[in-house]
There are 2 protein chains.
Amino acid sequence: MSEAMVEDILRSNHLSVTTPRRRILGWFLKKDSALSHHDIEAGTQRSFDRVTLYRTLQTFLEKGIIHIVPSTDNVIRYALCKEACKEGHHHDDHVHFVCDACGTTQCMDKITIPAVRLPKGYRVRQIGMVVTGICGRCR
Amino acid sequence: MSEAMVEDILRSNHLSVTTPRRRILGWFLKKDSALSHHDIEAGTQRSFDRVTLYRTLQTFLEKGIIHIVPSTDNVIRYALCKEACKEGHHHDDHVHFVCDACGTTQCMDKITIPAVRLPKGYRVRQIGMVVTGICGRCR
DNA sequence: ACTTAACTGTAATAAGGTTGCAAAGTGACA
DNA sequence: TGTCACTTTGCAACCTTATTACAGTTAAGT
């Protein structure tokens, strides 16, 4: 089921289907939350080299398969792009929620970021929003 | 002028006044934008050890003199807390602006973050917001 | 099946961050 | 102003995270 989906995503992005890529993308689909480099390494039993992971994440980023979630703890976390993200132009203008209890970072795709009024002369290109607290599952 | 202010801030936080702390805090006051570890090292001519900088930033964080600005590039940036931030309880619920042109990160203290409606069961503790684009000075 | 181009693993290197301990500086007090 | 206790700094070693180069392997199209 999910296995077919993985191949689908890879092929539609003109990427060849390899074992590491299958594992990594499969893990994203399974977890359905933002993952750090470390999370992925641990989750996939280190069945490939660290370097491959770095490169794969970079490739996925460029293709718009994943996006970076803003954080305050010096750990890059990546999450699947749900909406159609074109190459180089992401649609990650949604709210991210970090749960203090379970530690997961979730994309709230349904909730769009409210508009902000900035001073004169400022031009906005992108907005990121991170909400921390207790998520629905943990309370 | 700023020199007296530096000592003032340190003393009112019950910290002894030392050369590294003076330099680091002075640099924050002078630049008035969010600074990374690297920015500070470069700006202060490495007149103290790397470790001292790590420890000083940690201390300033704990005292509420500075706060961490969320980012998407894996670089922690710190900014002065303008409002009275009590020890352990920060008031950094303001918008941060990252300029694509000059690369600076500014705290928009005047602009509060708009409220967001989250699904049932979610409890919010803190909200961070990062806007990227072109700032008033650069356009 | 063959060939080309893309991808991966290994190793070496760089950058970023942490810890323990001895030496030096700070602030309080006589 | 000198002394003392305590805090802070600098150094060295170490660990983790990230990047680059290159050779070997694998995938996809014909």
Side-chain angles (χ1 to χ4, degrees), chain A residues 3-4 6-28 34-63 65-66 68-78 87 105, chain B residues 3-4 6-28 34-63 65-66 68-78 87 105:
Chain A
E3 191 58 28
V6 165
E7 293 207 9
D8 224 55
I9 296 175
L10 289 175
R11 280 192 218 287
S12 65
N13 280 283
H14 311 290
L15 292 172
S16 38
V17 179
T18 66
T19 312
R21 283 176 182 171
R22 262 211 219 96
R23 289 255 166 76
I24 294 166
L25 190 46
W27 192 244
F28 271 106
L35 301 172
S36 67
H37 182 104
H38 184 269
D39 292 336
I40 302 168
E41 263 198 323
T44 54
Q45 326 291 336
R46 280 190 189 68
S47 49
F48 41 80
D49 198 82
R50 289 163 42 76
V51 179
T52 300
L53 179 48
Y54 280 115
R55 283 189 285 225
T56 304
L57 290 172
Q58 191 55 42
T59 305
F60 286 2
L61 265 185
E62 283 159 12
K63 292 294 185 180
I65 300 174
I66 57 177
I68 291 181
V69 178
S71 79
T72 54
D73 64 353
N74 200 25
V75 176
I76 311 187
R77 261 173 278 265
Y78 307 87
E87 203 159 326
T105 301
Chain B
E3 190 58 28
V6 165
E7 293 206 10
D8 224 54
I9 296 175
L10 290 175
R11 279 192 218 287
S12 65
N13 280 283
H14 311 288
L15 292 172
S16 40
V17 180
T18 67
T19 313
R21 285 177 181 169
R22 262 212 217 96
R23 289 256 165 77
I24 294 166
L25 189 47
W27 192 245
F28 271 106
L35 302 172
S36 66
H37 184 105
H38 183 270
D39 292 336
I40 302 168
E41 264 198 324
T44 51
Q45 326 291 333
R46 281 190 189 69
S47 50
F48 41 80
D49 197 81
R50 284 160 21 87
V51 179
T52 300
L53 179 47
Y54 281 113
R55 285 191 280 223
T56 304
L57 290 172
Q58 192 56 42
T59 304
F60 285 2
L61 266 184
E62 282 159 11
K63 291 295 183 179
I65 301 175
I66 58 178
I68 291 180
V69 178
S71 79
T72 54
D73 64 354
N74 199 26
V75 175
I76 311 189
R77 262 173 276 266
Y78 307 86
E87 202 160 325
T105 301

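Numbers restart at 1 for each chain; the letters A, B, ... are given by sequence-line order, proteins then strands. None of the values given here were measured: they were computed from a predicted structure.
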> Are side-chain heavy atoms of Ile65(A) and Phe28(A) found at a separation under 4.5 Å?
Replying inline: no
> To the nearest angstrom, how far is Leu53(B) atom CG from dC11(D) atom C1'?
Replying inline: 16 Å
> Distance from Ile76(B) atom CD1 to Leu57(B) atom CG, nearest 0.5 Å?
Replying inline: 9.0 Å
> What are the 5'-most and 3'-most nucleotides of DNA chain C lying under 4.0 Å from any heavy atom of chain B?
Replying inline: dG16(C) to dG27(C)
> Under a 4.0 Å heavy-atom cut-off, which of residues 37-50 of chain A touch DNA chain D?
Replying inline: Arg50(A)
> Between Ser36(A) and Arg77(A), what is the shortest heavy-atom contact and its length?
Replying inline: N-CG, 3.7 Å
> Can you tell if the side chain of Phe48(A) reaches within under 4.5 Å of the side chain of Ile24(A), non-hydrogen atoms only?
Replying inline: yes
> For residues 41-57 of chain B, which residue pairs qualify under side-chain hydrogen bond (donor to acceptor under 3.5 Å, both in side chains), counting only residues two or more places apart or in two chains?
Replying inline: Arg23(B)-Ser47(B)
> Rounded to whole angstroms, how far apart are CD1 on Ile76(B) and C1' on dA18(D)?
Replying inline: 15 Å
> Can you list every pair that meets salt bridge (Lys or Arg N to Asp or Glu O under 4.0 Å) and has a residue in residues 6-21 of chain B, with sequence neighbours left out?
Replying inline: Glu7(B)-Arg11(B), Glu7(B)-Arg22(B)
> Is there side-chain contact between Leu35(A) and Tyr78(A), with heavy atoms separated by less than 4.5 Å?
Replying inline: no
>> So if I take the C1' atoms of five pairs at each end of the helix from dA1(C)-dT30(D) to dA30(C)-dT1(D) and get each local axis, what angle do the two axes make, rounded to 10 degrees?
In response: 30°
> Separation of Ile68(A) atom CD1 from dA18(D) atom P, in whole Å?
Replying inline: 11 Å
>> Side chain of Pro20(B) only, heavy atoms from C-beta on: which candidate in dT9(D), dC11(D), dA18(D) is closest?
In response: dT9(D)
> Taking atom OG1 of Thr18(B) and atom CG of Leu10(B), what is their separation to the nearest 0.5 Å?
Replying inline: 7.5 Å
> Within this structure, what is the OH-to-P distance between Tyr54(B) and dG10(D), rounded to whole angstrom?
Replying inline: 15 Å
>> Nearest 0.5 Å, please: how far is CH2 in Trp27(B) from CD1 in Ile40(B)?
In response: 10.0 Å
>> Any side-chain to backbone donor/acceptor pair from Asp73(B) onto Val75(B)? Under 3.5 Å, distance only.
In response: yes
> Which value, rounded to the nearest 0.5 Å, describes the distance between Leu15(A) atom CG and Thr59(A) atom OG1?
Replying inline: 6.5 Å
>> Expressed as a whole number of angstroms, how long is the span from Asp73(A):CG to dT16(D):P?
In response: 18 Å
>> I'd like to compare against my own output: the B/S/- annotation of nucleotides 25-30 of chain D with a strict under-4.0 Å heavy-atom distance to protein.
In response: --SS--
>> Just so I know, are the side chains of Val69(A) and Thr72(B) near enough to count as touching, which here means a heavy-atom distance under 4.5 Å?
In response: no
> Arg21(B) near the nucleic acid: base, sugar-phosphate alone, or nothing, with a heavy-atom cut-off under 4.0 Å?
Replying inline: sugar-phosphate
